[in-house]
There are 2 protein chains.
Amino acid sequence: MPQRKRRVSMADVARRAGVSSQTVSRVSNGHPGVVDATRRQVLDAMKELGYRPNSAARALKSGEFRTIGIILFTLSTTGNVRTLEAIATSAAEEGYAITLLPVAVPTQDEVRGAFTRLGELAVDAIIVIMEVHLLDAATVSLPPNIGVVVADSNAGDRYSVVDTDQAGGSREAVRHLLGLGHRTVWHLAGPADSFAAQRRADAWRATLEEAGREVPPPVRGDWSAESGYLAGLRLAGEPGCTAVFAANDQMALGLLRALHERGRAVPAEVSVVGFDDIPEAGSFIPPLTTVHQDFAEVGRRCVAGVLRQLRTDAVERGTTLVPTRLVVRGSSGPPPGA
Amino acid sequence: MPQRKRRVSMADVARRAGVSSQTVSRVSNGHPGVVDATRRQVLDAMKELGYRPNSAARALKSGEFRTIGIILFTLSTTGNVRTLEAIATSAAEEGYAITLLPVAVPTQDEVRGAFTRLGELAVDAIIVIMEVHLLDAATVSLPPNIGVVVADSNAGDRYSVVDTDQAGGSREAVRHLLGLGHRTVWHLAGPADSFAAQRRADAWRATLEEAGREVPPPVRGDWSAESGYLAGLRLAGEPGCTAVFAANDQMALGLLRALHERGRAVPAEVSVVGFDDIPEAGSFIPPLTTVHQDFAEVGRRCVAGVLRQLRTDAVERGTTLVPTRLVVRGSSGPPPGA
DNA sequence: CAATTGGATGTTTACGTAAACATATCAGGT
DNA sequence: ACCTGATATGTTTACGTAAACATCCAATTG
């Protein structure tokens, strides 16, 4: 196999420009104290030779990689993807690259493995987009002196957590429906092992209780549209059900289909409110009233958080909540006969 | 307690274990020729001190980073995300990490900037998920000796390209509709600057022409559900329109809403076929007949491609097509009166 | 005009790893 | 006992960069 050509190093540039490699380093890093003529010589030599800094050597010397590692379980949920995109954009603005560490199966072993690999990986900080119970066994293997921020979790007592204000958004959704005149609101909940789902359900229940309303039994799905459809078939059979708060938009989509199939008009007979405000929500039949999440802000705060910890060499704890906003569209209205 | 001192190095482990650092290196890399007792001593010392290999030093020495860089424009399209996820999974299996390089604005300047940064970045290979016309000005700044694979492009003459068989899938969709008895098939096309959209439109037209059918004027959207809705309002007014092939599922979603609002029953009056098979497609009203893309296979081939180029130090060209599969659901049926 | 100063540039060194090379040890064959 | 060759381990070195330190030179000053 042909030996691959060595890349152009500072020494090569230095030789070509007739200066020392240290001067090349200074030019490369924009340090002051290099006279213009020399700087130009060096820049010319760089261009002629096609010099590119070797980031491995730089990282070895400086001790930082200018990279943030992201551990997540899946890219198949809207929330994860949009958080990731926001993080990537925000990190790029700060001059940091993003290294992805997908965990195929959400078991503690897999997660621990990911953390271990991450310890050897070229990252200065870590952002975890994951439910916290999966982290529990993994903490020990976290390398010291590395910033960690967790999105989508309740681990504020142990980590710095940035999350959407799940409770506030849910409260808003339920109050919106009650305000329209519905006697109570049913809930199409997310999976039991999701903390986000749990918080949305808790806030739903609490809001109903505060208002002195009856709390119907929640129906549980797994975030997927298909599970929303199955749940919807059951809810369509509940005569007293005039309003449903779905824990995400995908399940709301399935719910709408079930109601449509069963001939229950939305919103004339049943109102539906979702959570997330995915881009397609406005194109559902009918367009979905839903709770908008500001993922961009979540991403920004995650990046700001890890970089702050990195720079101050401090470990932060506590939870930051990003506010939500109710987007009212066509799927919610007054109950029949109101 | 957290040592905020220097990280533990091989030398530290070597001292603790009473061996040379080279022996530690051998144990760390699983080389043979270390006797069991010694190996155990070293492993114990590693664990006691919490040793983690320094990837920067390793990369500097070995010349490889075991990382693949991914340039993409946005994570807001299903296709990109699912391709990315597949690539990440596949790369992880090969022991490679993924570094994300999002390009905020799809201008040539931005893309060139991304490539330049990538040249300084710690990556062994690059996968580009992007339309090729954005790459044109950027090629010069690509570092030598680096594998490149492009997904979603027509640049097979200059790069190694892996893509879904857009033409085959479109042909299958159109033939399915013709086979049901429709006289012709209308097309809800994607944006003009997308090569994928162009190929889907070309194949749609060619299939109609081969069958000797009339070719209605295509209606153009921008991939979004909203644009599909607007296009749908126009198509709903076309009396002869009994079948529509939408270039993606999101636009098909908007189309379904427009048809529903205008009282055109699907599939009794109008049949709709999409492209992508997003997870929600089965929950549309009615469930969407669509062309399934095998993103996992695209990802696998991308990774295999760059790694092969990396290992053989060769530059490959040409296009690899990943087959599609038509998924028939409820949105397509015979035309009225058939 | 010599001494001093400070900016520009060169030299040395260390970062942590692993290949290449060197040495030590020992079993088995004569 | 002596050599042979294999196996286990140690020593040296280089990877590319940038901080720390050293040197040089021109301009300013007493």
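So that the names make sense, note that chain A is the first sequence line, chain B the second, and so on, each numbered from 1. Keep in mind it's a predicted model, so treat the numbers as computed, not measured.
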Open item on the list: Taking B/Glu85's backbone N and O only, do any of them form a donor-acceptor pair with B/Thr89's side chain (distance below 3.5 Å, no angle check)?
Closed with: yes
TODO: For the pair A/Glu297 and A/Arg300, find out whether any cationic side-chain nitrogen is under 4.0 Å from an anionic carboxylate oxygen.
DONE: yes
Task: Rounded distance (Å) that lies between atom P of D/dA14 and atom NZ of A/Lys61 - done: 19 Å
TODO: With the side chain counted from C-beta on, respond yes when A/Thr99 and B/Ile98 share a heavy-atom pair under 4.5 Å apart, and no when they do not.
DONE: no
- [ ] Identify, between B/Ala57 and B/Val35, the residue whose nearest nucleotide on DNA chain D lies closer to the 5' end.
- [x] B/Val35
Task: B/Ile70 vs B/Ile126 side-chain heavy atoms within contact, under 4.5 Å - done: no
Open item on the list: Closer than 4.0 angstrom, basic N to acidic O: yes or no for A/Arg15 and A/Asp12?
Closed with: yes
Task: Length of the OH-P vector between A/Tyr51 and D/dG16, whole Å - done: 10 Å
Open item on the list: Suppose we screen for side chain to side chain contact (heavy atoms under 4.5 Å, CB included). Which residues come up paired with B/Ser28, at least two apart in sequence or across chains?
Closed with: B/Met10, B/Met46, B/Tyr51, B/Pro53, B/Arg58
- [ ] Strictly below 4.0 Å, heavy-atom distances to any atom of DNA chain D: list the hits from residues 37-48 of chain B, or just say none.
- [x] B/Thr38
Open item on the list: Nearest whole Å is fine: how far is C/dT17 P from B/Phe65 CZ?
Closed with: 16 Å
Open item on the list: Rounding to an integer number of Å, can you tell me how far A/Glu64 CD sits from C/dC15 P?
Closed with: 18 Å
Task: Distance test, side-chain N/O of A/Arg58 to OP1/OP2 of D/dG16, below 4.0 Å - done: no
Task: Whole-Å gap separating P (C/dA14) and CG (B/Asn54) - done: 18 Å
Task: Expected output: side-chain B/Asn54 to main-chain B/Ala56 donor-acceptor under 3.5 Å - done: yes
Open item on the list: Given 3.5 Å as the limit, does a donor-acceptor pair link the side chain of A/Asp163 with the main chain of A/Leu321, or not?
Closed with: no
Open item on the list: Contact list please: residues 14-33 of chain A against DNA chain D, heavy atoms, distance less than 4.0 Å, in numerical order.
Closed with: A/Gln22, A/Ser25, A/Asn29
Open item on the list: Of the options D/dG16, D/dT9, C/dT17, whose atoms approach the side-chain atoms of B/Leu60 most closely?
Closed with: D/dG16
TODO: Taking B/Asp124 for its side chain and B/Thr67 for its backbone only, find out whether a donor-acceptor pair lies under 3.5 Å.
DONE: yes
